[in-house]
There are 2 protein chains.
Amino acid sequence: MTTQAIRKTRNPEQTRSDLLDAAYTEILESGFQAASLERILANTSVSKGALYHHFGTKRELGLAVIKEVIAPQLAARWFAPFTEHDDPLASLQRILEEKIRTADESVIRYGCPLNNLIQEMSPLDEEFRRGLQQILELWVEVMATALADGQQAQKVRADVAPKEVALFIVAAIEGCVGLGKNAQSVEAYQRCLRQLQLYVQSLAA
Amino acid sequence: MTTQAIRKTRNPEQTRSDLLDAAYTEILESGFQAASLERILANTSVSKGALYHHFGTKRELGLAVIKEVIAPQLAARWFAPFTEHDDPLASLQRILEEKIRTADESVIRYGCPLNNLIQEMSPLDEEFRRGLQQILELWVEVMATALADGQQAQKVRADVAPKEVALFIVAAIEGCVGLGKNAQSVEAYQRCLRQLQLYVQSLAA
DNA sequence: TTGACAAGATACCGCTTGGTCGGTATCTTT
DNA sequence: AAAGATACCGACCAAGCGGTATCTTGTCAA
């Protein structure tokens, strides 16, 4: 009875990836709970049947976005640069400098996707929380290791506790993004990160 | 036709205040968008008619929660202590110490109501954003003034920029709460605040 | 005592939501 | 080429949502 077939050729991986991308955007704009499947579908021209073929529930889709979109994105933007040099403070300063330089409307408008989901979902869904926590722990660990290495190389003060300081720096970063987001001010975000730079500088041996 | 009248005696102010309290809790637990009016009503035994007599829309209720519940609460817990002494760093250390000492499950579970609403609502509703921003600006201003006073009293390093540092400290606080919340760990929250204490200490003249 | 209005009650509405289901088209395997 | 599995389609559904309309009742000034 039903006439269908808009998608002539099949491409399940592409479909799945399209859904993840659209879901990521929708979640970034509206949060997870308020994210509308209909809107996601409208932005992908994927049918509801296809969606529910790839993901069992909205929740599964959300979890997949965390693992397959947000985690890699943050890894590329924040973790990777640490492995490049042996002076962690210089690396961190460079990362922060880059963030300050490239700060624009889009970052300030929707903030950090990780932080957004933490505030919204971590008290409501244990599996969401674990997914987000995994990213967070990796981030802290990468930074803590870098700081410890820096201590060995005599470039970081001996009295800093790598794990604690790494935790604090991550917290400060998320805080800066959050404040910038509410002020809707790229400049406030930059001023906040500048103070973080000064703090990082104070860790030097 | 309708049999009614559960509330024998009237008390409009009490009703309003009950609604604000219940809405505050519901928003804290579910976020604003996912907050259910029906659930708020169920927790107050107030009727829908009464709710819509006091508040025109759900949105108005949310804005009232920000102005009449969250703002005073934060003022009492974070701003007020500053006015008590002339050494801002000591005041801040004392506040942080207090937060570390009294940190418990409930703080860690739902996080900071201000930060929650910022992440969720500030990109979606300009009036929400302004309401939240007002609280934020007051907070930063109180702290910046205290720092500037501290500089006059030679208790704060002369090279710190009061406004910028105040902004950073607020960001760091929100960040610490956020991380503790996702880790669901009072201890992580405390460790994070301890590093903030060390930072604050480093501002001393 | 009464009239007017504020406060509160409840049934109802349109709409969106996440999710289901029977069916079809394409791809892979044999 | 037949068969079976995978990918996809879209109409449909119950439930919950915020909001409205119409009503009753408590309060208090005149």
Side-chain angles (χ1 to χ4, degrees), chain A residues 1-27 29-65 120-121 124-125 127-128, chain B residues 1-27 29-65 120-121 124-125 127-128:
Chain A
M1 176 201 264
T2 56
T3 48
Q4 60 177 44
I6 292 174
R7 300 216 154 181
K8 307 286 181 186
T9 60
R10 286 188 174 180
N11 198 340
E13 278 141 36
Q14 183 67 46
T15 301
R16 203 187 125 93
S17 145
D18 284 352
L19 284 169
L20 284 174
D21 285 350
Y24 168 79
T25 302
E26 171 72 8
I27 290 172
E29 289 176 359
S30 305
F32 174 75
Q33 296 181 99
S36 159
L37 295 183
E38 313 281 347
R39 245 177 286 150
I40 292 173
L41 295 175
N43 286 334
T44 46
S45 60
V46 167
S47 70
K48 192 164 255 190
L51 194 165
Y52 275 91
H53 176 75
H54 287 281
F55 303 97
T57 59
K58 183 191 179 184
R59 185 166 170 269
E60 274 185 28
L61 175 60
L63 291 168
V65 166
E120 180 188 5
M121 294 304 296
L124 297 181
D125 191 304
E127 211 169 333
F128 268 73
Chain B
M1 177 199 260
T2 57
T3 49
Q4 60 177 41
I6 290 176
R7 300 216 153 182
K8 306 287 180 185
T9 62
R10 287 186 172 176
N11 197 341
E13 276 141 37
Q14 183 66 47
T15 301
R16 203 188 126 94
S17 145
D18 285 353
L19 284 170
L20 284 173
D21 285 350
Y24 168 79
T25 303
E26 171 73 8
I27 289 171
E29 289 175 0
S30 306
F32 175 76
Q33 295 180 100
S36 159
L37 294 183
E38 312 280 348
R39 244 177 287 150
I40 292 174
L41 295 176
N43 286 333
T44 44
S45 60
V46 166
S47 70
K48 193 165 257 192
L51 193 165
Y52 275 93
H53 176 75
H54 288 281
F55 303 97
T57 59
K58 182 190 180 187
R59 184 165 170 271
E60 274 184 28
L61 176 59
L63 290 168
V65 166
E120 181 188 5
M121 295 303 297
L124 297 180
D125 189 304
E127 212 169 332
F128 269 73

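Every chain is numbered from 1, with letters handed out A, B, ... down the list of sequences. Values in this document were obtained by computation on a predicted structure and should not be read as measured data.
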> Roughly how far, to the nearest 0.5 Å, is the CD1 atom of A:Ile40 from the OG1 atom of A:Thr25?
Replying inline: 9.0 Å
> For the pair made of CG in A:Asn11 and C1' in D:dT6, what is the distance, rounded to whole Å?
Replying inline: 14 Å
>> Looking only at the side chains, is there a donor atom on one of B:Gln33 and A:Gln33 sitting less than 3.5 Å from an acceptor on the other?
In response: no
>> Need to verify one output field. Residue with the more 5' nearest nucleotide on DNA chain D, A:His54 or A:Glu38?
In response: A:His54
> Rounded to whole angstroms, how far apart are CZ on B:Phe55 and C1' on C:dG8?
Replying inline: 14 Å
>> What is the distance, to the nearest angstrom, from the CD atom on B:Gln33 to the P atom on C:dG18?
In response: 12 Å
> On a plain distance test, is the side chain of A:Arg10 in donor-acceptor contact with the base of C:dT26 below 3.5 Å?
Replying inline: yes
>> What is the distance, to the nearest angstrom, from the CD1 atom on B:Ile40 to the P atom on D:dG16?
In response: 17 Å
> With respect to the phosphate group of C:dA7, does any side-chain polar atom (N or O) of B:His53 fall under 4.0 Å of OP1 or OP2?
Replying inline: yes
> Looking at CG of B:Asp125 and CD of B:Glu120, how far apart are the two atoms once the value is rounded to the nearest 0.5 Å?
Replying inline: 10.5 Å
> C:dG19 C1' sits how many Å from A:Leu61 CG, rounded?
Replying inline: 13 Å
> Which listed nucleotide (C:dT20, D:dG18, C:dG8) is nearest to the side chain of A:Tyr52?
Replying inline: C:dT20
>> At less than 3.5 Å, do the side-chain atoms of A:Lys48 and the base atoms of C:dG19 form a donor-acceptor pair?
In response: yes
Anything under 3.5 Å between a donor and an acceptor, one on a side chain of residues 50-57 of chain A, the other on a protein residue two or more places apart or in another chain? List them.
residue	atom	partner	partner atom	Å
A:Thr57	OG1	A:Arg59	N	3.4
A:Thr57	OG1	A:Glu60	N	3.1

> Rounding to a whole Å, what distance do you find between B:Leu37:CG and C:dA11:P?
Replying inline: 18 Å
> Tell me: CG of B:Leu51 to P of C:dT10, nearest whole Å?
Replying inline: 14 Å
>> Regarding B:Ala34, tell me which of base, sugar-phosphate or nothing describes its non-hydrogen contacts under 4.0 Å with the strands shown.
In response: nothing
> Any side-chain N or O of B:Ser47 under 4.0 Å from OP1/OP2 of C:dA9?
Replying inline: yes
> Does D:dC8 have OP1 or OP2 sitting under 4.0 Å from an N or O in the side chain of A:Thr15?
Replying inline: yes
> Atom CG in A:Asn43, atom CD in A:Glu38: separation rounded to 0.5 Å?
Replying inline: 12.0 Å
> Between B:Gly49 and B:Pro12, which has a closest nucleotide on DNA chain C that is more 5'?
Replying inline: B:Pro12
> Separation of A:Leu19 atom CG from D:dC9 atom C1', in whole Å?
Replying inline: 14 Å
> Which part of the nucleic acid does B:Lys58 contact within heavy-atom distance under 4.0 Å: base, sugar-phosphate only, or nothing?
Replying inline: sugar-phosphate
> Looking for any heavy atom pair under 4.0 Å, which part of the strands does A:Arg39 touch: base, sugar-phosphate only, or nothing?
Replying inline: sugar-phosphate
